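Below is one structure, written out as structure tokens, with a few remarks after it.
Below, chain A is the first sequence line, B the second, and so on; all start at residue 1. What you see is a predicted model, and the numbers here were worked out from it, not measured in a lab.
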Number of protein chains: 2
Amino acid sequence: MSSRNKSTPVSSLNSDPGHLTRLKTLLAKIRHFENLPSDIREEIAVAATLRHFDAGQVIYLEGEPADAVYLLESGWVKAVRMSREGREQALLFLRDGEVFGDVAAFTGTAYPGTAIALEPVDVWVIPAKNLLDLTAQHSELAMAFIRHMGERVLYYVGLVEDIALRSVEARLANTLLRNAEQHDGILIVPRRSWTTFDEMAVRLGTVRDVLSRALHNLEREKLLEVGRHEIILLDPTGLEKRGSL
Amino acid sequence: MSSRNKSTPVSSLNSDPGHLTRLKTLLAKIRHFENLPSDIREEIAVAATLRHFDAGQVIYLEGEPADAVYLLESGWVKAVRMSREGREQALLFLRDGEVFGDVAAFTGTAYPGTAIALEPVDVWVIPAKNLLDLTAQHSELAMAFIRHMGERVLYYVGLVEDIALRSVEARLANTLLRNAEQHDGILIVPRRSWTTFDEMAVRLGTVRDVLSRALHNLEREKLLEVGRHEIILLDPTGLEKRGSL
DNA sequence: TATTAGACACGACAAAAGTCGTATACAAAA
DNA sequence: TTTTGTATACGACTTTTGTCGTGTCTAATA
């Protein structure tokens, strides 16, 4: 599935006025970067290039030198780590308005995981060199990245706790609750085309069979209902209880 | 064991000249902070207070608002996360020259884990407010923290991979190799007074019994030898093989 | 020297997670 | 409509991890 064909450079004409305003608009929607002064946003914008990736394409590979930082404009991306035996562990699921690739760029190392587009995706690519310079110059930008990376650390601490201390069932219950949306008063987790059991298993750090069992256990106990296009959370309170086991 | 008695404020006379040079010397030894200009180091130093903790004392608790950042001058500290059932997962083991508590201070949240002194410890305490101000003012300091937090993220990614994808035996082999020291041409992992099987188990995210089994398996296969005061790695190459299983 | 608390060994067992083979259902493509 | 590939179901089984009870050793202390 995951191929590494060349992505389509949609817009590399950095001076194009539409390009600039489009990226500045995106920056205004990104957590920690919303309040950057206009001139800094502009400097970022001129360094950035828009690229498109299709579903399944690799944006960057684990181990590659991190020479770019990515701003996700639309679509979902996952970052995964693979073991030698081929098992996958999801590190992050990213949606529009999220930044990735920054950590390795700032530490000057290789990307710690592989980034794969889960669906057609538009990303802005900023060369690491440019971003490092800008960050060293503008303390607002530096503080934004400090906060951003701080949140990443907190997220990973949570992930460690989840994997180390909780059962698959508990992790599943938590993940479902976190991704639920209100629809007509009931909680629903929408299933996108790429939300297969395999992907969900990777997300929880397990394999399909185990995930399937856990899901059907919860279904048997009337805590939820698995549909083809969504998972209906029948008993959020009950699920929350399971989440801490 | 872990009590929360008041720590001894050893030196709070910030203008004491010995105080200043002592902390500036420490800063010069801390990764990412070695090359800070003298005036910045001085500004940090005047805000800092030296404190002492005895073995087992809690430096801060998970969930407490993060209003200070710590620089570890001597001794070992661990940061752990506890589940409701009382199981512990180690997040970090920290030694002299390491910084901790910074992430939560910068994100303005609560500490994600509990910090406990494993032996008598001297730490410099910097109020979060002061450090935040200094970081916003001095881009060198900001970049230092960006790099520091970046390394933390990379560390946690590794920890996630370890816990999710590797067996206890593999994690054990890796941890031993990472903590080994050369003595007379042989690799030895020294056992400090607090390096009990229980602590080692927490470090690997498991329980004593399981750790004990793994250790004796490796011993039976002549890969290592468990002594009272050290673990001798007889076959580093063999251990490395185990480390990826 | 006698006592005691903590660290560790060991075997039996239980539970969770992972593996495998095979069967079925469905959707997209031919 | 038929074909084909992918997603999922399901039961049997293995391995790994976690739990429990009991017993031994040792170092510190009385």
Side-chain angles (χ1 to χ4, degrees), chain A residues 1-3 55-56 82-90 118-119 162-173 175 191-220 224-231 242-245, chain B residues 1-3 55-56 82-89 118-119 162-173 191-220 224-231 242-245:
Chain A
M1 219 288 199
S2 55
S3 56
M82 301 249 309
S83 73
R84 231 142 315 185
E85 297 87 47
R87 245 186 79 190
E88 240 178 83
Q89 166 67 48
L118 289 166
E119 47 184 36
D162 249 36
I163 298 176
L165 264 27
R166 285 203 251 276
S167 67
V168 170
E169 221 177 79
R171 275 179 269 162
L172 173 58
T175 308
R191 293 184 65 185
R192 299 161 214 282
S193 58
W194 47 267
T195 322
T196 66
F197 279 26
D198 269 304
E199 279 298 344
M200 295 171 66
V202 165
R203 181 153 189 171
L204 297 181
T206 183
V207 291
R208 197 194 51 239
D209 301 64
V210 177
L211 171 93
S212 171
R213 267 202 298 252
L215 208 44
H216 290 311
N217 281 346
L218 297 178
E219 193 169 28
R220 207 168 304 123
L224 52 77
E225 209 179 292
V226 183
R228 188 160 305 285
H229 300 294
E230 75 293 308
I231 297 172
R242 293 321 202 71
S244 46
L245 288 181
Chain B
M1 206 326 171
S2 56
S3 55
M82 301 248 307
S83 73
R84 232 144 313 187
E85 297 86 48
R87 248 185 79 190
E88 239 178 83
Q89 166 67 47
L118 289 165
E119 47 183 36
D162 250 35
I163 298 176
L165 264 28
R166 285 202 251 274
S167 67
V168 170
E169 220 177 79
R171 276 179 268 163
L172 173 58
R191 292 185 65 185
R192 300 161 213 284
S193 58
W194 48 266
T195 320
T196 66
F197 279 26
D198 268 304
E199 280 297 345
M200 295 172 65
V202 166
R203 182 153 188 171
L204 298 181
T206 184
V207 290
R208 198 196 49 242
D209 301 67
V210 176
L211 171 92
S212 171
R213 268 202 297 252
L215 208 44
H216 290 310
N217 280 346
L218 297 177
E219 193 168 28
R220 206 168 303 122
L224 52 79
E225 210 178 293
V226 183
R228 188 161 304 284
H229 299 295
E230 75 292 309
I231 297 171
R242 293 318 201 73
S244 46
L245 288 181

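Side-chain contact between M200(B) and I231(B) is present, with at least one heavy-atom pair separated by less than 4.5 Å. Between L211(A) and R203(A) there is no side-chain heavy-atom pair separated by less than 4.5 Å.
Distance CD (E219(A)) to P (dT8(D)): 13 Å, rounded to an integer number of Å. Whole-Å rounding puts the R191(B) CZ to dG6(C) P distance at 17 Å. Atom NE2 in H216(A) sits about 16 Å away from atom P in dT24(C), given to the nearest Å. For N217(A) and dA9(D), the CG to C1' distance is 13 Å, given to the nearest whole Å. Taking atom CG of residue L215(B) and atom P of nucleotide dA7(C), one finds them 16 Å apart after rounding to whole Å.
Applying the salt bridge (Lys or Arg N to Asp or Glu O under 4.0 Å) criterion to E230(B), with sequence neighbours excluded, gives no partner residue.
Closest of all the heavy-atom pairs between Q89(A) and L165(B) is CB-CD1, 3.8 Å. Nearest heavy-atom pair, R87(A) versus A164(B), reported as atom, atom and distance to 0.1 Å: NH2-O, 3.7 Å.
A distance-only check finds no donor-acceptor pair linking the side chain of R84(A) to the backbone of S244(B) [under 3.5 Å]. Side-chain N or O atoms of E169(B) include none that pairs as donor or acceptor with a backbone N or O of R242(B) at under 3.5 Å.
Remark: S212(A) is in phosphate contact with dA9(D), judged by side-chain N or O atoms under 4.0 Å from OP1 or OP2.
With respect to the salt-bridge test (charged N to carboxylate O, under 4.0 angstrom), the residues D162(A) and R171(A) do not qualify.
For DNA chain C, the neighbouring residues in residues 193-202 of chain B, judged by any heavy atom under 4.0 Å, are T196(B), F197(B).
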Handout entry: Per-nucleotide protein contact string for nucleotides 13-22 of chain D, where B marks a base within reach and S marks sugar-phosphate only (heavy atoms under 4.0 Å, - for neither)
Key = ----BBBB--
